[in-house]
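These values consider heavy atoms only, across backbone and side chains, with no hydrogens, waters or symmetry-generated copies. For the single chain, residues carry numbers from 1 onward in sequence order. Atoms within each ligand, like the ligands themselves, are counted from 1 in listed order.
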Amino acid sequence: MKLITEGNINSYYLQTLCMLFFPRAKFSNTETITTDTPVAIVKVSEDDSTAYAEASVTMGERTVLKYHSEAFCAAEPRKNTVSTAASKALFFALCEFCKYNPPWGILTGVRPTKLAIDRISEGMTKEQVVKSLRADYLLYPKKAILAADIARFESKIIKNYTDKDCSLYISIPFCPSRCAYCSFVSYTTKKLLSLIPEYLSAMKEEIRHTAALIKELGMNLSTIYVGGGTPSTLDEKQLEDLLSLVDSCFDTKALQEYTYEAGRADTINAEKLRICRDHNVTRVSVNPQSLCDAVLENVGRKHTVKQFYDAYELAAASGINHINTDLIIGLPGDNFGTYSSTIEKIVELAPDNITAHTFAAKKSSELTVAGSNVFTDDYRDLAKCVDYTQIITKNAGYIPYYMYRQKNSAGNLENVGFCKKGTECIYNILMMEEVHTIFAVGAGAVTKFTRDKGEFIERVFNPKYPYEYLAQNREEEYKKLSEKAHAFFD
Ligand SMILES: C[S@@+](CC[C@H](N)C(=O)[O-])C[C@H]1O[C@@H](n2cnc3c(N)ncnc32)[C@H](O)[C@@H]1O
Ligand code: SF4
């Protein structure tokens with residue numbers, strides 16, 4: 001695709017908009033234009049009061065041309081208003097050209113609820129939030145309502161936490177094998193899995209240091225989240241060892257929530273669940289992704305639907321309070337028929353939490369690297385699956401409680417967590433809205449210090465891969481983290 005701009009505009013954001021309509025587009029200045037090359041031209045100009053934009057989209061003989069203007073206002077920097085005018089003009093041209101209206105309008109960011117929360121804290125009612133999101137970002141009414149509803153739910157939770165509260169994320173970046181759609185850093189080969197003991201002992205040391213730092217800062221630990229990879233890749237002894245260490249560092253009985261993500265059915269057994277329960281874990285994930293064996297096989301997810309049901313049954317009998325199930329909508333090989341049957345069966349199973357992700361073509365996933373045509377070009381089918389999920393969960397008494405979007409998600413659609421009343425995962429809300437300090441340990445972990453409800457944020461990154469993490473001088477890293485934490489909070 002070719003994007004030509006004239007005037008003071010950021011073409012990177014305009015490229016992102018083009019990709020909502022042409023998901024596989026690559027942008028180049030040197031590409032020769034053929035009759036199959038979409039060409040977008042965006043021009044902006046301004047006078048004292050108004051930003052004007054003109055956008056055309058052409059392919060072969062066909063052209064659509066649109067104009068849009070936005071008045072400058074004192075509260076908004078002029079360059080933002082110019083950018084909005086350009087984005088809307090281009091969006092209108094692309095919609096007409098492709099005969100497709102993306103449901104989230106010109107909103108390409110990861111956290112749509114943040115915008116809604118900002119508006120709520122300015123004192124807007126739900127109706128005003130919906131109206132404002134629709135006007136500013138051209139959202140479908142149902143998406144603006146979803147964002148507003150989730151933001152209102154989250155705001156009630158967020159207000160219970162102060163800058164003295166924090167959470168802990170423990171990273172287990174290992175999996176028994178790699179699913180073709182996944183790009184999470186996770187070690188799967190025998191050689192790399194053999195690093196687990198060394199990794200756990202380094203991470204246990206990091207947990208001890210983190211516990212000491214939290215104490216030193218006078219903070220209170222509200223939740224723990226053990227995520228992956230697949231945390232239930234650990235064997236029983238490793239799991240017992242890790243959770244005992246966590247118990248010796250924190251009063252886990254006093255936590256508001258303790259999630260052990262577990263994950264894949266083929267790694268879960270009754271003994272691992274017992275260990276989790278005995279160490280005060282309150283929430284565990286058992287993730288089918290799809291309840292269609294052909295889809296699971298197609299994406300190289302190495303367990304069957306039966307294995308999922310068996311693992312779920314063990315979790316339900318384990319005495320752990322809450323179970324979450326992750327699903328992915330739009331996996332290659334899935335369609336409305338197979339997906340609707342998946343979500344119907346999950347609702348019948350009635351876990352406390354259901355997290356419905358929209359398939360995202362991750363850059364480093366096997367599917368994307370292999371260049372497979374993973375997207376269905378018919379977003380209507382996908383959108384129907386997303387809508388059906390929201391309707392069927394609502395009818396079964398679930399509440400949408402947190403939401404985010406991923407880059408390159410099919411149809412630019414959202415990921416939503418649903419919960420039965422009173423079972424929301426607090427960690428997910430606090431983490432997603434960036435209003436809470438999260439200490440994170442292990443490879444790929446990102447510690448996030450926050451103050452004043454997210455007004456001030458500082459991130460500290462651990463190395464991405466376990467072997468890099470193990471190669472670090474950990475003592476030096478603890479010292480640096482402690483200095484940064486004191487400089488931020490003291
Ligand atoms: C840390 S991952 C996986 C947890 C665990 N390893 C499992 O697979 O059950 C969390 C969730 O992200 C979602 N996910 C992973 N890759 C995805 C993709 N390419 N598109 C959409 N969702 C994805 C899956 O639903 C997955 O359960
Ligand atoms: S989806 Fe889960 S099990 Fe599959 S590779 Fe990714 S993290 Fe591992």
Side-chain angles (χ1 to χ4, degrees), residues 23 110 169-189 192-193 225-234 259-268 283-291 295-303 305 307-308 311-312 315 323-334 339 342-343 346 351 353-370 372 374-376 382 385-386 389 402-418 425 427-428 431-432 440 442-445 466:
V110 169
Y169 178 83
I170 300 177
S171 167
I172 313 279
F174 297 94
C175 286
S177 63
R178 192 155 189 81
C179 309
Y181 55 83
C182 184
S183 69
F184 281 89
V185 171
S186 60
Y187 277 8
T188 52
T189 63
L192 293 170
L193 287 168
Y225 193 104
V226 187
T230 298
S232 44
T233 305
L234 302 191
T259 297
Y260 196 84
E261 200 177 29
R264 258 178 50 180
D266 52 334
T267 58
I268 297 172
R283 180 175 180 270
V284 74
S285 285
V286 185
N287 300 325
Q289 314 301 353
S290 165
L291 287 180
V295 172
L296 293 177
E297 198 175 324
N298 195 32
V299 295
R301 194 168 164 95
K302 304 229 178 291
H303 66 74
V305 171
Q307 278 176 299
F308 162 73
Y312 187 93
I323 307 180
N324 170 61
T325 55
D326 277 358
L327 301 176
I328 303 181
I329 298 172
L331 279 172
D334 211 0
Y339 177 75
T342 293
I343 185 69
I346 289 294
N353 300 168
I354 301 172
T355 315
H357 304 82
T358 303
F359 171 67
K362 307 275 185 76
K363 270 204 181 114
S364 57
S365 73
E366 201 184 292
L367 283 170
T368 315
V369 172
S372 321
V374 288
F375 281 125
T376 151
L382 259 177
C385 295
V386 169
T389 306
Y402 95 109
M403 168 172 71
Y404 66 103
R405 296 191 316 154
Q406 282 175 297
K407 238 181 150 196
N408 300 330
S409 73
N412 195 31
L413 289 158
E414 65 274 15
N415 300 339
V416 180
F418 301 91
C425 175
Y427 174 87
N428 282 340
M431 184 271 294
M432 202 45 74

*Hey, is Gln289 touching ligand 2 through its side chain, its backbone, both or neither, going by heavy atoms under 4.0 Å?*
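Neither part.
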
Which protein heavy atom lies closest to [atom], and at what distance to 0.1 Å?
atom: atom 17 (C) of ligand 1; result: Tyr181 CD1, 3.7 Å
atom: atom 2 (S) of ligand 1; result: Phe184 CE1, 3.6 Å
atom: atom 8 (O) of ligand 1; result: Arg301 NH1, 2.8 Å
atom: atom 21 (C) of ligand 1; result: Thr358 O, 3.3 Å
atom: atom 14 (N) of ligand 1; result: Ile328 CD1, 3.8 Å
atom: atom 22 (N) of ligand 1; result: His357 CB, 3.5 Å

*With sequence neighbours left out, what residues match Tyr427 under ring pair (Phe, Tyr, Trp, His ring centres under 6.0 Å)?*
Tyr225

Which ligand 1 atoms are under 4.0 Å away from a heavy-atom of [X]?
X: Gly263; answer: 5 (C), 9 (O)
X: Arg264; answer: 9 (O)
X: Phe359; answer: 20 (N), 21 (C)
X: Gln289; answer: 7 (C), 8 (O), 9 (O), 24 (C), 25 (O), 26 (C), 27 (O)
X: Asp326; answer: 10 (C), 11 (C), 25 (O), 26 (C), 27 (O)

Distance filter under 4.0 Å to [X] heavy atoms, resulting ligand 2 atoms:
X: Tyr181; result: 1 (S)
X: Cys175; result: 3 (S), 7 (S), 8 (Fe)
X: Arg264; result: 3 (S)
X: Cys179; result: 1 (S), 3 (S), 4 (Fe), 5 (S)

*Per the side chain to side chain contact (heavy atoms under 4.5 Å, CB included) rule, which among Val284, Asn287, Asn428 passes with Asn324?*
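Going through the options one by one, the only one that passes is Asn287.
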
*Between Ile328, Leu327, Asn412, Val386, which is the residue that forms a side chain to side chain contact (heavy atoms under 4.5 Å, CB included) with Thr358?*
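The single option meeting the side chain to side chain contact (heavy atoms under 4.5 Å, CB included) with Thr358 is Val386.
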
*Taking the non-hydrogen atoms of Gly229, is any one of them nearer than 4.0 angstrom to ligand 2?*
yes

Write down the atom of [X], the atom of [Y], and the distance for their closest heavy-atom approach.
X: Pro332; Y: Val299; result: CD-CG1, 4.0 Å
X: Phe418; Y: Ala356; result: CE1-CB, 4.2 Å
X: Glu261; Y: Gly228; result: OE1-N, 2.8 Å
X: Val295; Y: Gly333; result: CG2-O, 3.8 Å
X: Ile346; Y: Pro351; result: O-CD, 3.2 Å

Under 3.5 Å between any N/O of [X] and any N/O of ligand 1: does that happen in this structure?
X: Gly229; result: yes
X: Ala360; result: yes
X: Glu261; result: no

_For a quick check under 3.5 Å, do Asp326 and Gln289 share a side-chain donor-acceptor pair by atom type?_
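The answer is no; no qualifying pair exists.
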
*Please determine, by modelled atom types, if Arg264 and Ser177 share a side-chain donor-acceptor pair under 3.5 angstrom.*
yes

*asked:* In the structure I gave you, are the side-chain heavy atoms of Arg405 and Leu413 within less than 4.5 Å of one another anywhere?
replied: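 Counting from C-beta outward, Arg405 and Leu413 never come under 4.5 Å.
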
Counting heavy atoms only, which of [options] is nearest [atom]?
atom: atom 1 (C) of ligand 1; options: Ser409, Gly228, Ala356; value: Gly228
atom: atom 6 (Fe) of ligand 2; options: Ser285, Ala180, Ser232, Cys182; value: Cys182
atom: atom 9 (O) of ligand 1; options: Ile329, Asn287, Ile172; value: Asn287

*Counterpart residues, side-chain hydrogen bond (donor to acceptor under 3.5 Å, both in side chains), relative to Tyr339 (two or more places apart)*: Thr389

*Flag, side chain of Thr230 to backbone of Gly263, donor-acceptor distance under 3.5 Å*: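 Checking the backbone N and O of Gly263 against the side chain of Thr230, no donor-acceptor pair under 3.5 Å is found.
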
_Main chain of Pro231, side chain of Tyr260: is a donor-acceptor contact present, judged purely on distance under 3.5 Å?_
yes

